[in-house]
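Numbers here simply count residues along the sequence, with the first being 1.
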Amino acid sequence: MKLQLKEIQFFENISYSLSEEIDIFYCLKQNTAQFETQTYDQPLIKDKLINIIETLENRRDGDQYSKALQQLYIFSMGQYSVKDTLVEQYPNSRLKKVLANNALNQITSIQVICQNLNHKMSLMPSIDLSQDKNEPFPLRLNLEQETRMLLNILINYILVNINDDPHLSRDVIHENNAIEEMCFRSIKFSLEIPVVPIRKFLILFYLFLRLSFGEAPGTILTMLNSLLETREEWKDLKFLKELQNLVEKEEPRFNMKVPSPVEKFYKRHMNSDNPIPQIIVVGILRVLLTTCPNAARNTGGIDLHSEWSSSLQFAFYKKEFFIENGFKSAHYAHSFLISQDSQNDDVRAEAPDFATVEDYKYENDRHRVIVALVISDFFLFLMKHFKNNHVIQFIYISQLVVDANGVLVLLKFLNQDFTKIDFSTVKIDQKYDFIYNEVGQLQLDQILEYSINSLLRLMYKTCKNQGERIKSYLVQYKAALIMKRLINKFEKSEVADIKKNAGKIIKIQIKYMNRNWRKNNMKIVSLVYQYVKLRRLDDWLAWENQALEEELYLSQDEIRHINSDFNYKHYNQFIEKMEEDNLKLAAAQSGIELNEDGSGIDNEEEKQKQSQAEQKRLENNKKYGIISSGLDVAVDETNILHHMWKKAVVDETFYQNYEQWLEEEVWSYYD
């Protein structure tokens, strides 16, 4: 897989921010002997990088480790000086970045970089924000800075070498590097730990999937050719009831001899510790929710602004260092670094909430827009490849997005006043020399438009030909008015096709609107004629024919059933998972206490909780006279069904005949 120069510039533009400016300055001043007076050529760079990688491989903390990581970061960002003979060949930071990252690739350093990043990830759960007030300098800021630097090093490594090294994909997706696992863990951690740099992890995850899914080994092309025609038929039958017949006739996919990379990914995460529903869909949508205006800040989990404000906190608590060394930003005033009025105070001053400081509103908005763009493109990319692999996989992930209220999250982001977000007057990528800069570059105001366009495309894909979704989300929450405002705001936009996609979302709602709405909103209806290409026999202005839709299209319940049947039939990991859970249950009933990983429980508090749960189970058995494998296990307090069961009113005879009910109504489902 190769990237165009414009794509590389795009990834650099969305990856970097004011954090990199602060981190680069700090690293340079901490390593003045190596970079202020010394110049480098190609052999010297390679020798220096070999020594740095060796240090990072053998150490995980200490001053020597920190120095080595800082020096690697400076080389990776191209912030060093080259010898006079190379100045004409490498005149700017971009080209020096290429020189250093090519050398990193030659010494195969990616595994060491990933090991260090994985180590930093393992330390994140130990972060305690409540201890910040008790420390002269919050130690978590060092961990956050080193994690940021390692992510930038890894992203630079991929972007620089992706077009030159044909084996880069193989190295990046190698299981020993655990990039996929780290990306899943970062999403999971972001729901609990508010200092995870989720934007950089999502960009890394996106690049990883592009490298992974983009591969097309010649050994499987012949095998896939026989399936392509059938898959094309399935694409035409998307959400139609005829699709059920094709799926029932298909051979099981779990034991495919040579599965595609997409198939491997889907199968791998159906029942792993990082399942697709909980991590990819719910986790990422919660991140997207924090990008919406006026979204409540969750103190126990995602704090979107901590990623860019962490570097400001770092500079705030080390303000003496930055002032003494003459730090001056290319864009921001950083008023807290102008004077040293508070440096002699006995009580340490607390860092302000930079997300609410007016001077940083630009970075706040920039961060929100970029995260929304990355997430929407991430989902579109997954849906595209899932649909090409198997249409039910596409239907499955779109249903997960809908069930997680993803359409409402998209509407919430789009229903904001974009006139308050103005990037056109600030050319941040022209002020930072570490961002790729060339004529015709992608500016931030264009990124805003691309972000909105991607969100519109994602909304359209999840709701098209789905009357229940359209009525429940788009019509009920007045999406047509939101689309009208977007079209008026970006009427002169030539970068992204916002008007067409907004018009398509209006179009699919019209048949569900009543007569009075159509009469009072003819201007909205006319927008469809202006911006959407219509087919000759298109009946979008007709009234809803509920009987016909029920006959042709799958209902939401039918979609859930077909998804469940498909996953059960083709990925019998579900059965293995059930057997594993039964073994753990049997072990617990025998008095053998196990953790999730199968190890023994040493925690006294956990033992006490399990003892109390066991006592309650025995009391229920005595009360209702049922065996331990019956209903009490299904609705135990540790089970999600418990909360649903509390609201149910069930006759006592049901408890006594529960096993018989299971046999007749559940286990005989496939008979």
Any side-chain heavy-atom pair of [X] and [Y] under 4.5 Å:
| X | Y | result |
| --- | --- | --- |
| I487 | I506 | yes |
| I8 | N163 | yes |
| V371 | L288 | no |
| D403 | R560 | yes |
| Q393 | N389 | yes |
| K500 | D497 | yes |
| M182 | I179 | yes |
| M513 | Q509 | yes |

message: Before you tell me yes or no, could you show the steps for I162 and L211 under side-chain contact (heavy atoms from CB on, under 4.5 Å), namely the whole-Å CA-CA distance, both residues' side-chain angles and the distance that decides it to 0.1 Å?
response: CA-CA 9 Å; I162 194 169; L211 287 169; 3.7 Å; yes

task: Could you tell me how the ring of F213 sits relative to the ring of F265: parallel (under 30°), tilted (30 to 60°) or perpendicular (over 60°)?
output: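 Judged by the thresholds at 30° and 60°, the geometry between F213 and F265 is perpendicular.
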
Parallel, tilted or perpendicular: ring planes of Y206 versus F11, cut at 30 and 60 degrees: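 Correct class here is tilted.
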
What pair of heavy atoms forms the shortest contact from [X] to [Y], and how long is it?
| X | Y | result |
| --- | --- | --- |
| K511 | A542 | CB-O, 3.1 Å |
| C463 | I508 | CB-CD1, 4.3 Å |
| L458 | S376 | CD2-CA, 4.3 Å |
| S451 | V369 | OG-O, 3.4 Å |
| G503 | V532 | C-CG2, 3.4 Å |
| E449 | S493 | OE1-OG, 2.8 Å |

- request: Begin from the C-alpha positions of Y266 and N567 and carry the test side chain to side chain donor-acceptor pair (under 3.5 Å) through to its verdict.
  value: CA-CA 10 Å; Y266 188 87; N567 290 326; 2.8 Å; yes

Within the 6.0 Å centroid threshold, strictly below: [X] and [Y]:
| X | Y | answer |
| --- | --- | --- |
| F566 | Y396 | no |
| F381 | H385 | yes |
| Y362 | W308 | no |

Between [atom1] on residue [X] and [atom2] on residue [Y], distance to nearest 0.5 Å:
| X | Y | atom1 | atom2 | value |
| --- | --- | --- | --- | --- |
| I395 | Q466 | CD1 | CD | 8.0 Å |
| F208 | I158 | CZ | CD1 | 9.0 Å |
| R199 | S15 | CZ | OG | 7.0 Å |
| M459 | S454 | CE | OG | 12.0 Å |
| Q556 | S472 | CD | OG | 7.5 Å |
| I470 | Y473 | CD1 | OH | 12.5 Å |

Flag, side chain of [X] to backbone of [Y], donor-acceptor distance under 3.5 Å:
| X | Y | value |
| --- | --- | --- |
| S564 | H561 | no |
| E558 | S555 | yes |
| N521 | W517 | yes |
| S212 | L209 | no |
| R518 | I510 | yes |
| S306 | P194 | yes |

Residue among F205, F201, F189 satisfying ring pair (Phe, Tyr, Trp, His ring centres under 6.0 Å) with F184: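 Single pass found, and it is F205.
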
- request: May I have the step-by-step check of side-chain contact (heavy atoms from CB on, under 4.5 Å) for E307 and H367, ending in yes or no?
  value: CA-CA 9 Å; E307 183 170 355; H367 191 71; 3.5 Å; yes

query: Will you find, in the side chains of E363 and H305, an N or O donor that is under 3.5 Å from an N or O acceptor?
result: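 Their side chains do not contain a donor-acceptor pair, so the 3.5 Å distance test is not met.
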
query: Going through the checks in order, is the side-chain contact (heavy atoms from CB on, under 4.5 Å) test met by F378 and I280?
result: CA-CA 10 Å; F378 180 88; I280 287 188; 4.0 Å; yes

field: Within 6.0 Å of NZ in K471, more than 12 heavy atoms from elsewhere
entry: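 More than 12 within 6.0 Å, yes.
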
Derivation of the side chain to side chain donor-acceptor pair (under 3.5 Å) call for T419 and D417: CA-CA 5 Å; T419 59; D417 186 3; 2.3 Å; yes

query: Is it true that the NZ or CZ of K489 lies under 6.0 Å from the centre of F418's six-membered ring and within 45 degrees of the ring axis?
result: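 Output no; distance or angle outside limits.
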
- prompt: Is R210 salt-bridged to E7, going by a charged N under 4.0 Å from an acidic O?
  reply: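 Yes, R210 and E7 are salt-bridged.
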
query: side chain to side chain donor-acceptor pair (under 3.5 Å) between R469 and Q399: does it pass, once the steps are laid out?
result: CA-CA 10 Å; R469 298 179 187 177; Q399 184 64 47; 2.6 Å; yes

task: Would you sort out whether Q416 and C292 count as a side-chain contact (heavy atoms from CB on, under 4.5 Å), showing the intermediate values?
output: CA-CA 8 Å; Q416 60 177 297; C292 300; over 6 Å; no

